[in-house]
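First up is the structure itself, then whatever we jot down about it.
Start at 1 and go down the list; that is how both ligands and their atoms are numbered.
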Amino acid sequence: MTKNLLLCITGGIAAYKTPSLVRLLVKKGFKVKVVLSSHARYFVGETSLSTVSGNPIHWRLFPGENSTDHDIAHIELAQWADQVLVAPATANIIAKMANGIADDLISTTLLALSTPLFVAPAMNTRMYLHPATQKNIQTLKQRGTFIIGPDQGELACKTSGPGRMTEPEQIVEQLVNFKRKSKELAGKKVLITTGATREYIDPVRFISNPASGKTGIHLARAAREMGAQVMLIAGHTSVPLPDDIPHLQVSSTREMLKAVLDEFSSSDLIIMAAAIGDWTCKQQLKTKLKKSTQPFDFNLKLTKNPDILKKLGELNKKEEKSKYLIGFAAETVDDPEELIKAGKKKLDVKKCNLIIANTVNKENKGFQTDTNQIILISHQEHFLVPETSKAQLARKILEFASAELRKYRKTK
Ligand code: CTP
């Protein structure tokens, strides 16, 4: 199926490569429309771009005399696009995107998007490495934007380092791969849990953990991008839940169990990314536990919570394993061999199809962070995904799971 690709060209020298980028995209079957920033017009000609794309070029936010641009072009272009590519992306447009600034046709269009966004930065090395630019790129990655490059090499400003726009062939390859994979989960229902559960001791105190919910939210976004119908069941999260994805918020492990069981039978793929409390208070107090009434040391009686994933594994076994179950293994060991051992144990005990093992107590890994390193462990194989953003990890997990799901269904 033809995909509509909107190419936004901003004002960097690498803009001179965009006619060949457009030509390659058209060859690969994309319908291409181009928006130019006013600075990009110094680097590349509208006539070349309209000739290779076969479409008029847009650059005005408001229609000028004899203009082909519509007065709400930014909304129309955002709705037309199945995928958007910003190439070359200057430090300026990256900063605008990260901060929601909308002051020209490209930035207003980008703010009105709900489709996958690819950004190929190109700029001087110092500008690229500046903490402000790095922070802005990080912000975009966390939102699920795909950052392509930049490459290392000689730059137009006679310096050398990271900042060169990735070559058009490689950019196109990434877009084509995404296009091929993007609807892999069409027609499937994916149930995802995320965040931390809370077990209340009294009305004002609880036992919980620092899970942020970020991984589960990225999984929900990626599953939806891949065409799935998604349901997100969240415990407590430190980031807002996506308001464009159906979700339900719960608090305790038992509430999560009920919500998951309600959705289980209609789901094809279930991902238990929530950090679930293993124990609850034997007796939850109705009023605040007063300090003055307790001795210096005292015991809190806890009792085991149900293991939701284990229950799902058992249910799935009874129902002839029609569903694909993914669990996480949150461990405090860093050694890959130890992680694999712990993950395999959970894979067997909880009767699931895939375990994502990760270390949760190291810098840049596990709880609260924006990046992680994981080991995917199935019954047939295991492999490490090196440290990368949680958005990219979510995509990798779902790409693996959707391929497995197809194989798995065939053997059932
Ligand atoms: N899980 C669950 N119900 C629980 C505890 C965990 O469904 N009561 C799920 C988690 O969502 C995760 C997987 O089981 O997908 C493993 O959770 P983890 O915290 O790593 O391990 P536990 O099963 O709690 O075991 P342990 O604490 O001994 O590591």
Side-chain angles (χ1 to χ4, degrees), residues 190-200 206-220 223 231-237 248-264 267 269-282 302-317 323-335 338-362 365-368 372-379 382 390 393-394 397-398 400-401:
V190 179
L191 172 62
I192 298 165
T193 66
T194 197
T197 57
R198 277 183 192 174
E199 304 299 333
Y200 275 86
F206 55 82
I207 303 169
S208 191
N209 61 70
S212 63
K214 289 177 187 171
T215 298
I217 291 170
H218 283 302
L219 281 164
M231 178 66 191
L232 181 65
I233 297 176
H236 296 268
T237 59
L248 181 70
Q249 184 135 35
V250 295
S251 187
S252 67
T253 300
R254 283 180 190 278
E255 282 173 31
M256 184 163 281
L257 172 67
K258 184 182 176 309
V260 167
L261 289 179
D262 285 348
E263 296 289 331
F264 180 73
S267 304
L269 169 62
I270 296 117
I271 312 180
M272 291 292 298
I276 297 170
D278 289 318
W279 293 277
T280 189
C281 293
K282 190 135 189 167
L302 300 178
T303 180
K304 253 195 191 157
N305 262 331
D307 187 320
I308 303 175
L309 183 55
K310 197 164 167 219
K311 268 191 195 293
L312 300 184
E314 280 154 10
L315 268 177
N316 201 26
K317 200 175 163 203
K323 294 160 197 321
Y324 194 86
L325 289 185
I326 305 181
F328 275 69
E331 307 297 336
T332 48
V333 289
D334 208 11
D335 173 41
E338 292 285 312
L339 261 179
I340 292 165
K341 207 167 122 198
K344 280 191 172 163
K345 195 167 162 205
K346 285 180 184 169
L347 189 70
D348 289 336
V349 170
K350 301 190 187 227
K351 299 185 178 58
C352 45
N353 305 85
L354 183 68
I355 282 284
I356 317 295
N358 68 146
T359 306
V360 289
N361 60 334
K362 290 274 155 21
K365 292 180 192 171
F367 292 148
Q368 292 289 337
N372 205 0
Q373 172 177 303
I374 55 172
I375 302 180
L376 271 75
I377 306 166
S378 74
H379 291 281
H382 58 259
K390 286 187 171 172
L393 287 177
I397 293 168
L398 284 165
F400 181 85

Exercise. Determine, for Lys345 against Glu331, whether the closest basic-nitrogen to carboxylate-oxygen distance falls under 4.0 angstrom.
Key: no
Show me which atoms of ligand 1 lie under 4.0 Å from any heavy atom of [X].
X	value
Ala330	20 (O)
Ala329	20 (O)
Gly327	15 (O)
Leu309	2 (C), 7 (O), 9 (C), 13 (C), 14 (O), 15 (O)

Hey, is ligand 1 close enough to [X] that some N/O pair sits below 3.5 Å?
X	value
Lys350	yes
Met272	yes
Ala274	yes

Nearest protein heavy-atom contact for [atom]: which residue, which atom, what distance?
atom	value
atom 24 (O) of ligand 1	Asp278 OD2, 2.8 Å
atom 4 (C) of ligand 1	Ile276 CG2, 3.5 Å
atom 3 (N) of ligand 1	Ile308 N, 3.0 Å
atom 17 (O) of ligand 1	Phe328 O, 3.6 Å

Practice problem: Please confirm whether the backbone N or O of Val360 pairs with a side-chain atom of Asn358, one donor and one acceptor, at under 3.5 Å? | Solution: no
Quiz item: Would you say the side chains of Thr359 and Gln373 form a donor-acceptor pair under 3.5 Å?
Solution: no
Quiz item: How close do Thr280 and Glu199 get, heavy atom to heavy atom, and via which atoms?
Solution: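 Of all heavy-atom pairs spanning Thr280 and Glu199, the closest is OG1-OE1, 2.7 Å.
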Classify the contact between [X] and ligand 1 as side chain, backbone, both or neither, using a heavy-atom distance cut-off of under 4.0 Å.
X	value
Lys346	side chain
Pro306	backbone
Asp307	both

Quiz item: With a 4.5 Å limit on heavy-atom distance, are the side chains of Ile276 and Asn305 in contact?
Solution: no
Self-check item: Test item: Ser252 and Thr197 side chains (from C-beta on) under 4.5 Å apart, heavy atoms
Solution: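 No, their side chains stay 4.5 Å or more apart.
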Quiz item: Atom NZ in Lys390, atom OG1 in Thr215: separation rounded to 0.5 Å?
Solution: 4.0 Å
Quiz item: Taking atom SG of Cys352 and atom CD1 of Ile271, what is their separation to the nearest 0.5 Å?
Solution: 11.5 Å
Quiz item: Could any protein non-hydrogen atom be found less than 4.0 Å from atom 7 (O) of ligand 1?
Solution: yes
